[in-house]
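Here is the structure we will look at, set down as structure tokens.
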Amino acid sequence: MKVKASLSPLKQTQWYEYATRFLIGGAITVFAGLVAKKFGPTVGGLFLAFPAIFPASATLIEKHERQKKERAGKQPGHRGQDAAALDAAGAAMGSIGLIAFAILVWFALPRFPTWAALVGSAIAWFAVSISIWKFCDRL
Amino acid sequence: MKEILLRMVLGGTLVSAFALLGDIFKPKRFAGLFGAAPSVALATLALTAETEGKLYAAMEARSMIGGAIAFFVYSSCVCWLMFRYKCPALLVTLLLMPVWIVTAFGIWFAFLR
């Protein structure tokens with residue numbers, strides 16, 4: 001399946017929905033830091049992969065997909081749930097990339113400059129995620 | 001206080017940036033990849049390496065492996081339940097949060113502590 005980019009979905013999103021993502025994202029970053037301070041880095045590290053904004057994103061996708069169908073004068077049926085389920089399938093693939101990211105940072109951070117370890121690992125996350133998506137797309 | 005504010009702004013910005021990428025791409029399954037982007041990790045690890053040192057940040061990254069495996073289990077369960085039973089997204093994603101918690105802390109207890 002071909003990947004397409006379009007800016008039009010951004011117009012569907014309300015300002016408070018952007019603000020919600022920003023606040024949840026910021027809050028979980030603060031929370032992960034506080035947990036690490038209180039219980040140590042081995043517990044705090046778990047929360048670096050906490051699906052904090054996942055519920056908000058999935059709900060947004062479901063809502064937008066339903067609204068799109070209604071605007072077109074069609075019954076939305078289960079389109080919203082199906083779109084959110086597909087998003088979750090993508091997140092599952094991305095989380096395999098996230099495992100690769102964590103392993104690479106663990107090895108690279110003590111050996112390389114911080115920026116190089118983080119940027120290199122982020123590129124690896126993207127490469128692994130895309131590879132898995134392409135593989136699953138061919139099935 | 002300054003560090004908390006910095007974490008809030010950096011974390012919020014990175015999470016929002018990756019979420020925007022998820023919004024603009026199609027198909028949905030591809031866009032979903034960005035839902036598991038290392039946004040919180042990038043913000044936290046960059047600041048932690050600066051304040052606590054690289055070895056401390058590397059220990060956090062080691063534990064993050066457990067969190068990421070839990071994310072995989074959680075999002076797979078969400079996907080399956082939503083396809084199978086067509087439940088509302090908010091209900092499924094929130095009700096399944098214990099799946100992430102149990103998996104992450106189970107891995108931590110068995111291998112990471």
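Computation of the quantities below employed the complete heavy-atom set of this structure, encompassing side-chain atoms and omitting hydrogens, waters and symmetry-equivalent molecules. Quick caveat, the model's predicted, so the values are computed rather than measured.
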With chain B as the partner, which of [options] has the greatest number of non-hydrogen pairs under 4.5 Å?
options: Ala83(A), Ser57(A), Ala102(A), Ala108(A); result: Ala102(A)
options: Thr42(A), Ile28(A), Thr59(A), Ile61(A); result: Thr42(A)
options: Met93(A), Lys63(A), Glu65(A); result: Met93(A)
options: Ile53(A), Ile99(A), Val105(A); result: Ile99(A)
options: Gly94(A), Gly33(A), Ala27(A), Ser95(A); result: Ser95(A)
options: Trp125(A), Tyr18(A), Phe54(A); result: Trp125(A)

So [Y] and [X], do their side chains get closer than 4.5 Å, heavy atoms only?
X: Ile130(A); Y: Phe30(B); value: yes
X: Cys136(A); Y: Arg29(B); value: yes
X: Glu62(A); Y: Pro88(B); value: yes
X: Val3(A); Y: Lys26(B); value: no
X: His78(A); Y: Met82(B); value: no
X: Pro27(B); Y: Lys4(A); value: no
X: Leu45(B); Y: Phe101(A); value: yes
X: Phe72(B); Y: Leu98(A); value: no

With a 4.5 angstrom heavy-atom cut-off, which part of [X] approaches chain B: side chain, backbone, both or neither?
X: Ser121(A); answer: neither
X: Ile132(A); answer: neither
X: Phe112(A); answer: backbone
X: Leu10(A); answer: side chain
X: Val119(A); answer: neither
X: Lys2(A); answer: backbone

Distance from [X] atom [atom1] to [Y] atom [atom2], nearest 0.5 Å?
X: Leu60(A); Y: Leu90(B); atom1: CG; atom2: CG; value: 11.5 Å
X: Thr29(A); Y: Ile4(B); atom1: OG1; atom2: CD1; value: 12.0 Å
X: Ser16(B); Y: Glu17(A); atom1: OG; atom2: CD; value: 12.5 Å
X: Cys79(B); Y: Asp87(A); atom1: SG; atom2: CG; value: 9.5 Å
X: Leu7(A); Y: Leu20(B); atom1: CG; atom2: CG; value: 10.0 Å
X: Ser129(A); Y: Phe34(B); atom1: OG; atom2: CZ; value: 8.5 Å

> Tell me, side chain or backbone of Ala49(B) under 4.5 Å from chain A's heavy atoms, or both, or neither?
Replying inline: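 The answer is the side chain of Ala49(B).
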> In terms of heavy-atom proximity below 4.5 Å to chain A, should Thr51(B) be classed as side chain, backbone, both, or neither?
Replying inline: neither
> Does the side-chain contact (heavy atoms from CB on, under 4.5 Å) test come out yes or no for Leu33(B) and Phe126(A), once each step is laid out?
Replying inline: CA-CA 9 Å; Leu33(B) 295 179; Phe126(A) 193 62; 5.7 Å; no
> Counting distance only, does the side-chain N/O of Glu60(B) pair as donor-acceptor with the main-chain N or O of Pro41(A) below 3.5 Å?
Replying inline: no
> Within the distance-only criterion (no hydrogens, no angle test), does the side chain of Trp106(A) pair as donor or acceptor with the backbone N or O of Ser63(B) below 3.5 angstrom?
Replying inline: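 Such a contact is absent between Trp106(A) side chain and Ser63(B) backbone.
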> Does the gap between the ring centers of Phe71(B) and Phe50(A) come in under 6.0 Å?
Replying inline: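 They do not qualify: ring centres at least 6.0 Å apart.
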> Using the benzene-type ring in the case of Trp, are the ring centres of Trp100(B) and Phe47(A) under 6.0 Å apart?
Replying inline: yes
>> I need the minimum non-hydrogen distance between Ala91(A) and Ser75(B), along with the two atoms involved.
In response: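 Taking Ala91(A) first and Ser75(B) second, the nearest heavy atoms are C-OG, 3.9 Å.
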> At their closest point, which heavy atom of Gly40(A) faces which heavy atom of Tyr56(B), and how far apart are they?
Replying inline: C-OH, 4.4 Å
> Would you say Val78(B) and Leu86(A) are hydrophobically clustered, going by side-chain heavy atoms of ILVMFWY under 4.5 Å?
Replying inline: no
>> Does Val15(B) form a side-chain contact (heavy atoms from CB on, under 4.5 Å) with Ile24(A)? I'd like the steps, not just the answer.
In response: CA-CA 9 Å; Val15(B) 166; Ile24(A) 295 173; over 6 Å; no
>> As a quick check of understanding, evaluate side-chain contact (heavy atoms from CB on, under 4.5 Å) for Leu46(A) and Met64(B), giving each step before the final call.
In response: CA-CA 5 Å; Leu46(A) 293 173; Met64(B) 190 192 159; over 6 Å; no
> Which is it for Arg21(A) and Asp23(B) under the side-chain contact (heavy atoms from CB on, under 4.5 Å) test, yes or no, and what are the steps along the way?
Replying inline: CA-CA 12 Å; Arg21(A) 285 169 170 179; Asp23(B) 283 346; 2.9 Å; yes
> Can we say Lys28(B) and Asp82(A) salt-bridge, meaning some charged N sits less than 4.0 Å from an Asp/Glu carboxylate O?
Replying inline: no
